[in-house]
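One structure below.
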Amino acid sequence: DMGSNFTKFQQVITGAQQRVAITGNTTDYLIGLLDLRKSYTLFAPNNTAVQEAVTNGVIPNPDPAYLNTLTPVQLATARIQLENFAKKHFILRSVPTDGKTTGVFQSLYIKAVIDLIPDYQEYTIINDHVSNSLTLKDPDTGITLLTTGTIVNKLSRKVVVHEIGTYLR
């Protein structure tokens with residue numbers, strides 16, 4: 001559970017059918033997108049950021065009450081959109097705000113497949129332990145995409161979570 005700031009992102013995970021129950025545990029769950037042998041960073045969009053993505057038409061409303069009104073084809077499309085949205089926010093590397101880990105890292109989102117080889121979305125991460133923040137940039141253009149919010153370094157098993165006040169496109 002990531003807290004009340006992230007209930008809409010939790011709905012994204014659930015709506016994408018990536019929330020996996022743990023037998024005998026009613027409070028924790030696994031995320032189906034993640035390989036438990038690896039470590040990740042989640043740039044978790046807060047509720048305002050997820051709502052912004054919904055308002056901008058990037059993703060459907062992840063609220064189960066809305067998803068339950070969709071036809072089977074609409075629901076399948078919505079689940080793919082929600083899964084891709086979630087994948088953009090997971091980086092395949094644990095990056096705390098320690099000022100040490102910096103560089104270009106791939107997300108779980110496949111932006112293209114070229115000759116049967118996936119081309120993953122990548123982000124340049126600038127790590128500033130003085131301000132206790134991470135800045136993400138587009139590695140091709142150098143344009144700043146976002147800087148982490150006030151909640152950083154929240155630890156979960158195999159995942160370091162940082163709040164963001166916008167969403168990754």
Side-chain angles (χ1 to χ4, degrees), residues 2 6 8-22 28-46 49-50 52-54 56-62 67 70 72-98 100-127 133-149 152-169:
M2 298 188 309
F6 305 103
K8 288 190 178 290
F9 190 72
Q10 291 176 37
Q11 287 178 338
V12 167
I13 297 295
T14 301
Q17 290 191 314
Q18 294 300 320
R19 183 179 174 130
V20 180
I22 301 171
D28 295 328
Y29 60 92
L30 300 175
I31 297 175
L33 301 170
L34 307 182
D35 178 342
L36 295 179
R37 297 169 294 178
K38 299 177 181 177
S39 296
Y40 301 89
T41 299
L42 169 58
F43 292 97
N46 60 26
V50 173
E52 177 187 1
V54 171
N56 291 343
V58 174
I59 57 171
N61 184 344
L67 294 175
L70 300 178
V73 171
Q74 291 171 327
L75 182 58
T77 301
R79 286 183 173 146
I80 291 168
Q81 292 170 324
L82 293 170
E83 181 177 324
N84 285 335
F85 181 81
K87 286 179 176 180
K88 290 179 181 182
H89 294 85
F90 282 96
I91 305 298
L92 187 56
R93 176 78 186 260
S94 177
V95 185
T97 57
D98 60 4
K100 297 176 184 175
T101 310
T102 196
V104 177
F105 303 101
Q106 78 177 33
S107 73
L108 298 183
Y109 177 69
I110 299 172
K111 62 182 181 178
V113 177
I114 303 166
D115 294 330
L116 303 177
I117 299 171
D119 182 16
Y120 290 90
Q121 177 69 48
E122 294 182 324
Y123 303 106
T124 299
I125 298 177
I126 312 297
N127 195 327
S133 67
L134 301 174
T135 300
L136 270 69
K137 294 187 174 197
D138 182 307
D140 298 323
T141 65
I143 294 173
T144 297
L145 303 172
L146 61 87
T147 299
T148 53
V152 295
N153 297 327
K154 187 167 177 147
L155 300 176
S156 177
R157 290 193 179 140
K158 300 287 190 174
V159 182
V160 177
V161 180
H162 304 289
E163 175 190 21
I164 57 175
T166 188
Y167 61 92
L168 289 164
R169 290 155 173 83

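Treat the numbers as computed from the prediction; the structure is a model and nothing was measured.
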[X]: which residues meet the side chain to side chain donor-acceptor pair (under 3.5 Å) condition with it, sequence neighbours left out?
X: Asn153; answer: Thr97
X: Gln74; answer: Thr71
X: Asp140; answer: none
X: Thr147; answer: Thr135

Should [X] and [Y] count as side-chain neighbours, where that means a heavy-atom distance under 4.5 Å?
X: Val20; Y: Tyr29; answer: no
X: Leu145; Y: Thr166; answer: no
X: Ser133; Y: Val152; answer: no
X: Leu34; Y: Lys158; answer: no
X: Pro45; Y: Leu168; answer: no
X: Phe6; Y: Asn46; answer: yes
X: Ile31; Y: Phe90; answer: yes

Open item on the list: Looking at Leu33, is its backbone amide N or carbonyl O close enough to the side chain of Gln18 to form a donor-acceptor pair, meaning the two atoms are under 3.5 Å apart?
Closed with: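 Yes; at least one donor-acceptor contact below 3.5 Å.
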Task: Side-chain donor/acceptor of Asn127 to backbone N/O of Pro96, under 3.5 Å - done: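 Answer holds: yes.
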Task: All pairs passing salt bridge (Lys or Arg N to Asp or Glu O under 4.0 Å) where residues 73-91 contributes a residue, at least two apart - done: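 Listed once each, the pairs are Glu83-Lys87.
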Open item on the list: The criterion is ring-ring contact (aromatic ring centres under 6.0 Å, His included); which residues satisfy it with Tyr40, sequence neighbours excluded?
Closed with: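 Expected list: none.
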For [X], all residues meeting side chain to side chain contact (heavy atoms under 4.5 Å, CB included), sequence neighbours excluded:
X: Ala53; result: Val58, Ile59, Phe85, Tyr167
X: Glu122; result: Val104, Gln106, Pro139
X: Leu36; result: Leu30
X: Ser156; result: Val159

- [ ] Starting from the C-alpha separation in whole Å, work towards a yes-or-no answer on side chain to side chain contact (heavy atoms under 4.5 Å, CB included) for Leu155 and Val160.
- [x] CA-CA 5 Å; Leu155 300 176; Val160 177; 3.8 Å; yes
TODO: Show the numbers, then the answer: is there a salt bridge (Lys or Arg N to Asp or Glu O under 4.0 Å) between Asp35 and Arg37?
DONE: CA-CA 5 Å; Asp35 178 342; Arg37 297 169 294 178; 2.7 Å; yes
- [ ] For residues 110-120, pull every pair meeting side chain to side chain donor-acceptor pair (under 3.5 Å), keeping only residues two or more places apart or in separate chains.
- [x]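 Sorted pair list comes back empty.
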Could you state the interatomic distance from [atom1] ([X]) to [atom2] ([Y]), rounded to the nearest 0.5 Å?
X: Thr124; Y: Leu136; atom1: OG1; atom2: CG; result: 8.5 Å
X: Leu134; Y: Asp98; atom1: CG; atom2: CG; result: 8.5 Å
X: Ile114; Y: Ile117; atom1: CD1; atom2: CD1; result: 8.5 Å
X: Arg169; Y: Leu146; atom1: CZ; atom2: CG; result: 9.0 Å

Write down the atom of [X], the atom of [Y], and the distance for their closest heavy-atom approach.
X: Ser94; Y: Thr101; answer: O-CG2, 4.3 Å
X: Leu67; Y: Ala78; answer: CD2-CB, 4.1 Å
X: Pro60; Y: Leu82; answer: O-CD2, 3.8 Å

TODO: Flag the pair Phe43 / His89 as yes when their ring centroid distance falls below 6.0 Å, and as no otherwise.
DONE: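 Centroid separation for Phe43 and His89: 6.0 Å or greater.
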TODO: Kindly write out the residues that satisfy salt bridge (Lys or Arg N to Asp or Glu O under 4.0 Å) with Arg19, not counting sequence neighbours, or none if the list is empty.
DONE: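 Applying salt bridge (Lys or Arg N to Asp or Glu O under 4.0 Å) to Arg19 gives none.
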- [ ] Identify which one of Thr148, Val95, Ile125 satisfies the side chain to side chain contact (heavy atoms under 4.5 Å, CB included) criterion when paired with Thr41.
- [x]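 Testing Thr41 for a side chain to side chain contact (heavy atoms under 4.5 Å, CB included) against Thr148, Val95, Ile125 leaves exactly one candidate, Val95.
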